[in-house]
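Report on one structure; see the data block that follows.
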Amino acid sequence: MLLAQLLNGLILGTTYALIALGYTMVYGILGLINFAHGEIYMAGAFLGLFLTAGLKLPFLLAFPLATGGAAVLGVIVERVAYRPLRNSPRLSALISAIGVSIFLQNLTLTVAGPATRPFPRPFGIRVLTLPAGLSISSLQLFIISVAVLLMLGLDLLIRRTAIGRAMRATAQDLETARLMGINVDRVIALTFAIGSALGAAAGILIGLYFNSVDPLMGFQPGLKGFVAAVLGGIGNIPGAMLGGLLLGFAEVLGAVYFSQYRDAIAFAILIFILLVRPTGILGSTAQDKV
Amino acid sequence: MLQLIDVFTYYDDLAALRGISLEVRAGEMATLIGANGAGKTTTLKTICGLLRPRRGRIVFSGRDITGWRPEDIVRLGIALVPEGRRVFPQLTVWENLVLGATVRRDRAGVQRDLEQIFTHFPPLAERRKQLAGTLSGGEQQMLAIGRALMARPKLLLLDEPSMGLAPMVVEQIFAVIESINRAGTTILLVEQNADLALHIAHRGFVMETGRIVRSAPAAELLASEEVRRAHRIVWVRALRAY
């Protein structure tokens, strides 16, 4: 029973981690909390639903197309709602983010309607029995594998490629990055694209897992992804992964003991971490640029 | 090679440059000296595109680069070693240097230059996998200069390379700057330590509150009254800060 809960925690945790990555990458470069990120997650799920249930595309084709579509949406949001405000006070961009969030929710409500829809299963579900009385379904295995692969891919991109190097440089010192000849507008757009694709992937996986997609589905996971990013240390990529996993486990374990407070647990953790260690688990205090 | 013609730069409504004109000739080492707040850093930032002039023109190698973006200006051959070094502290020495070559496409050439910088600055070679933030001030300055050289600039702008460094280290850094110039790179050096700068430069420009009040061969300035006055202001400020 406990092991089954841990498996659930792992699934929730990896998806929270995917969402948290989008927050943390954007924050790392712009110092902005992209509160429209939960809606990108929702839009990803709807795009996935539209491509599989509407256009009858095979899931393995629909998944990259939907995440790609959400990446484009993320880039558009940055271009329209954040870039014009880049030199304005942070608060303006934050308000703009909330505006985008409300806009995307209502756009989806208008276009798709308020109903909750089922997500077609891409393959028959088999339950695999593992030793020690544990069992895992092929769907669970699939979700965890996809999430882990995406995170490994991101890690490689950030640490080993020229693009990743440019992204890290821009996050550390935007002005000096420009002096190197880095086109920081392109780096920022790319950051939004990658973060949005990961968030959308989480939306599709969760839509698939709970077999349900609706226009307001992004709100709670959006907030929890944010909590996970803060827990791990906002701006820190391994921190977002760790924060997501910890939050997933904390939620399911907490729910075992106080089931009615399940959603409160994330926010209790947020308050606690802000009081005790505001920089998060892996976050460092601001680097001195001497 | 570089010409500024009646350039005005503002921070909001505050004029930091009030009609600067200067010319740096190919191959020479020029220096811009003056007290704190005279507009030296602003001048460099305007040249490399981080600040947009409100009036005036900037011409480099016969092309009008006024209002260009910094990334395009680097590509044309102007590199800045910024004030306070500004190495990327969480990237390794090697990564910092490679980023300096962002605008280049000749991989083999980049590799050669990298090796050359490691030969010239042995401490950087030893620490190539270390994070730049863990280097000493002098090593970081070497790295910042090496990083700028990786772009193969025709014109190198240096902003206060002596800042916060021990006298012996400053001597080393200035020897490096001299050798870069002798190897053919044109240099515009900004320094508060006017004495030091004028000793290695060919020509000097003296700045006061957003204007160039004098330009002359370095040797001439070294002897002159204005410089001593500017120098004294620096000393008073340094003492106050102390």
Side-chain angles (χ1 to χ4, degrees), chain A residues 24-25 27-31 79 83 86-89 155-191 232-240 279-280 282-290, chain B residues 12 44-45 47-51 68-92 94-105 107 110 131-137 140-141 143-144 147-148 150-153 156-157 159 163-165:
Chain A
T24 230
M25 288 170 70
Y27 184 87
I29 287 192
L30 290 182
R79 190 75 190 77
R83 195 181 296 182
R86 204 176 288 163
N87 297 320
S88 317
D155 186 63
L156 276 181
L157 178 84
I158 300 271
R159 286 195 307 143
R160 298 258 179 259
T161 66
I163 291 166
R165 199 157 53 226
M167 289 173 75
R168 283 180 291 146
T170 307
Q172 283 173 42
D173 189 338
L174 192 131
E175 192 173 76
T176 306
R178 298 190 74 187
L179 288 175
M180 301 295 107
I182 294 170
N183 184 335
V184 296
D185 283 338
R186 210 175 292 163
V187 169
I188 290 168
L190 188 70
T191 304
I234 188 103
N236 183 305
I237 285 175
T279 54
L282 296 184
S284 52
T285 43
Q287 268 282 333
D288 277 344
K289 285 167 191 162
V290 182
Chain B
D12 293 321
L44 293 193
K45 283 189 165 182
I47 295 171
C48 69
L50 286 175
L51 295 172
W68 280 32
R69 297 181 306 175
E71 47 268 39
D72 298 325
I73 292 177
V74 193
R75 203 157 273 126
L76 204 61
I78 302 181
L80 170 69
V81 179
E83 186 177 9
R85 311 184 270 276
R86 302 279 284 267
V87 296
F88 298 106
Q90 307 278 52
L91 298 184
T92 65
W94 182 85
E95 286 175 323
N96 267 277
L97 290 171
V98 169
L99 275 168
T102 301
V103 295
R104 290 171 61 184
R105 288 287 162 264
R107 282 180 170 234
V110 169
L131 296 184
T134 65
L135 301 184
S136 72
Q140 287 190 17
Q141 190 63 64
L143 178 56
R147 184 179 64 179
M150 286 302 292
R152 281 234 177 134
L156 183 66
L157 310 174
D159 196 351
M163 191 197 252
L165 300 180

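Letters A, B, ... are given to chains in the order of the sequence lines, protein chains preceding strands, and every chain is numbered from 1.
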At a 4.5 Å cut-off on heavy atoms, which part of B/Leu99 comes close to chain A: side chain, backbone, both, or neither?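 It is both, since atoms from each part get that close.
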
How far does CG of B/Leu91 sit from CD of A/Gln172, to the nearest 0.5 angstrom?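 Here the rounded value is 4.5 Å.
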
B/Phe88 CZ to A/Arg165 CZ distance, which is reported to the nearest 0.5 Å: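 Rounded to the nearest 0.5 Å, the CZ-CZ separation comes out at 11.5 Å.
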
How about CD1 on A/Ile163, more than 12 heavy atoms from neighbouring residues, nucleotides or ligands closer than 6.0 Å, or not?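 Not buried by this count: 12 neighbours or fewer within 6.0 Å.
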
Would you say A/Arg86 has more than 12 foreign heavy atoms packed within less than 6.0 Å of its CZ?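 Buried by this count: over 12 neighbours within 6.0 Å.
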
The test is side chain to side chain contact (heavy atoms under 4.5 Å, CB included); show your working for B/Lys45 and A/Glu175 and say whether it passes. CA-CA 11 Å; B/Lys45 283 189 165 182; A/Glu175 192 173 76; 3.7 Å; yes

Considering only heavy atoms and a distance below 4.5 Å, find which of B/Arg69, B/Arg75, B/Arg147 pairs most often with chain A.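 The answer is B/Arg147.
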
Looking at A/Ala169, A/Ala166, A/Ala162, which one has more heavy-atom pairs under 4.5 Å with chain B than the rest?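 Highest number of pairs under 4.5 Å: A/Ala169.
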
Looking at B/Glu71 and A/Arg178, is there a salt bridge between them, counting it only when a charged N and a carboxylate O are closer than 4.0 Å?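 A salt bridge is present here (some side-chain N lies under 4.0 Å from a carboxylate O).
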
Salt bridge present between A/Arg159 and B/Glu95 (N-O < 4.0 angstrom):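 No, no charged N to carboxylate O under 4.0 Å.
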
At their closest point, which heavy atom of A/Met180 faces which heavy atom of B/Thr102, and how far apart are they?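 Smallest heavy-atom distance, with atoms named: O-CB, 3.2 Å.
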
Please give me the minimum heavy-atom distance between B/Cys48 and A/Leu179, naming the atom from each residue.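 Between these two residues, the closest heavy atoms are SG-CD2, 3.6 Å.
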
